[in-house]
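Structure record follows, encoded as structure tokens.
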Amino acid sequence: MSFSVATWNINSVRLRIDLVRRFLAEARPDALCLQETKCPDALFPENAFREAGYPFIAIAGEKGYNGVAIVSRRPLSRIDRHLFCDRGDCRHIAAEMPTRTGPVMLHNFYVPAGGDEPDRERNWKFGHKLDFIEEMRRQAARYTEPGSILVGDLNIAPLETDVWSHKQLLKVVSHTPVETEGLLRLQAEGGWVDVMRRFVPPEEKLFTWWSYRSPNWEASDRGRRLDHVWATPDLGARAVSVKVLKEARSWERPSDHVPVIAAFSEE
DNA sequence: ATGACGGATCTAATCCGA
């Protein structure tokens, strides 16, 4: 017996609700964490999720931008939102889900993209991103109680093999040293297990995002690993599989991110 | 060589993503 958790930056949950339906029908994760829903709570397509067998829903959405959601086949409790950088944008939601080995706390994050220029003096968005990561690190105690899973679009590709060209991306937002070092520090200090890298060794390239701007994205394969699944050590030791659903990037009118599904033993 | 695209919005031109 195992339970599974998926994460997917959907880039508009309403526009792509049919893709979400397809994914849920095929992958059947116990919980799906969505980012960039771009949907106010009152307009969230709850019926579609209920019909798909995901009646337990936690949402934090706003009009046009950002937005996170957790939909689940299992009851959700202790639903909680944390605000970052004294802003009201919707970039975090948490909920507890039961498993046979005890409750699991899911934290779903959408870290700011950070804009174009990797310089906080000239680009406030980059400063916002660094401050967000720093606030996650400072508040680690809120996320790292045993039985926790942290997923989401962290918008940073920390390892050299998390991008198509380490050298060419060192000055590109998402892979600059100040970002990758910040994220790895947060990961190390929190004692997090990088669950994806337990199954795909760090020597191998691994991506979850391919730009819309590349017409031949599959052939050129200039991707990045921006989406992550982390677990506290107790759950990290229970991880049994990870799948990056690359084929979803070829679906009709796709998101530029693909789903990641992680399964954990609950024996 | 990142941006050649794509989404949302005060439906038209602009902001945003990464």
Side-chain angles (χ1 to χ4, degrees), chain A residues 7-20 34-45 59-69 84-85 87-92 109-120 122-133 152-183 205-228 244 246 248-260:
Chain A
T7 179
W8 194 8
N9 179 320
I10 193 60
N11 187 16
S12 175
V13 68
R14 284 176 290 174
L15 188 70
R16 285 187 239 288
I17 190 64
D18 287 342
L19 297 189
V20 179
L34 294 166
Q35 303 88 35
E36 277 205 274
T37 54
K38 298 184 176 178
C39 180
D41 291 350
L43 300 177
F44 192 84
I59 47 179
E62 60 186 296
K63 189 164 87 172
Y65 303 105
N66 311 323
V68 286
F84 286 80
C85 304
R87 298 168 71 93
D89 51 1
C90 297
R91 298 182 177 276
H92 168 269
F109 276 94
Y110 176 52
V111 172
D116 276 324
E117 198 165 357
D119 177 351
R120 71 155 67 228
R122 298 165 52 152
N123 167 23
W124 69 269
K125 291 180 190 175
F126 193 68
H128 179 209
K129 183 179 197 176
L130 298 181
D131 293 344
F132 194 103
I133 294 290
D153 177 3
L154 304 185
N155 265 319
I156 297 174
L159 305 183
E160 294 190 11
T161 49
D162 290 338
V163 292
W164 62 275
S165 167
H166 170 61
K167 264 184 85 171
Q168 286 178 257
L169 287 170
L170 272 171
K171 293 182 177 171
V172 173
V173 173
S174 74
H175 194 62
T176 64
V178 65
E179 293 172 88
T180 58
E181 286 162 15
L183 192 72
K205 285 201 162 73
L206 181 60
F207 309 144
T208 64
W209 171 90
W210 292 263
S211 171
Y212 282 127
R213 301 193 192 202
S214 185
N216 55 342
W217 69 273
E218 196 159 18
S220 60
D221 200 26
R222 295 184 168 185
R224 305 176 200 170
R225 183 169 73 115
L226 304 178
D227 303 278
H228 297 270
V244 177
K246 186 175 178 182
R249 187 62 178 75
S250 297
W251 291 354
E252 197 178 340
R253 292 195 85 184
S255 169
D256 45 357
H257 296 251
V258 298
V260 181

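Keep in mind the model is a prediction, meaning the values are calculated, not measured. Per chain, numbering begins at 1; letters A, B, ... match sequence-line order. The analysis underlying the following values was restricted to heavy atoms, covering all of them including side chains, and did not include hydrogens, waters or symmetry mates.
Of all the heavy atoms in A:S255 and A:N9, the pair that sits closest is OG-O, 2.6 Å.
Checking the phosphate oxygens (OP1, OP2) of B:dC16, a side-chain nitrogen or oxygen of A:K125 falls inside 4.0 Å. Listed pair A:R16 / B:dG7 meets the phosphate criterion, a side-chain N or O lying under 4.0 Å from OP1 or OP2. Contact annotation: A:N155 reaches the phosphate of B:dA18 (side-chain N/O to OP1 or OP2, under 4.0 Å). Put simply, A:Y65 has no side-chain N or O that comes within less than 4.0 Å of OP1 or OP2 on B:dT14. Side-chain N/O atoms of A:K167 include none lying less than 4.0 angstrom from OP1 or OP2 on B:dA1.
The separation between A:D227 atom CG and B:dA18 atom C1' is 11 Å, rounded to whole Å. One interatomic measurement links the two molecules: NZ of A:K171 to P of B:dA18, which rounds to 23 Å at whole-angstrom precision. Atom CG of A:D116 is separated from atom P of B:dA1 by 17 Å (rounded to the nearest Å).
Within 4.0 Å (heavy atoms only), A:N9 reaches sugar-phosphate atoms of the nucleic acid but no base atom.
Closest to the side chain of A:K63, out of B:dC10, B:dG3, B:dG7, is B:dC10. In this structure, the nucleotide among B:dC5, B:dA18, B:dC16 sitting nearest to the side chain of A:Y212 is B:dC5. Here B:dT2 is the nucleotide among B:dG17, B:dT2, B:dG7 with the atom lying nearest to any side-chain atom of A:W164.
A gap of 26 Å separates the C1' atoms of B:dA13 and B:dA1, to the nearest Å.
The aromatic rings of A:W251 and A:W8 lie perpendicular to each other, with more than 60° between the two planes, well past the 30° mark.
For the pair A:G115 and A:S12, nearest-nucleotide mapping onto DNA chain B gives the more 5' position to A:S12.
Near DNA chain B, meaning a heavy atom under 4.0 Å from it, residues 251-258 of chain A has A:R253, A:H257 in order of number.
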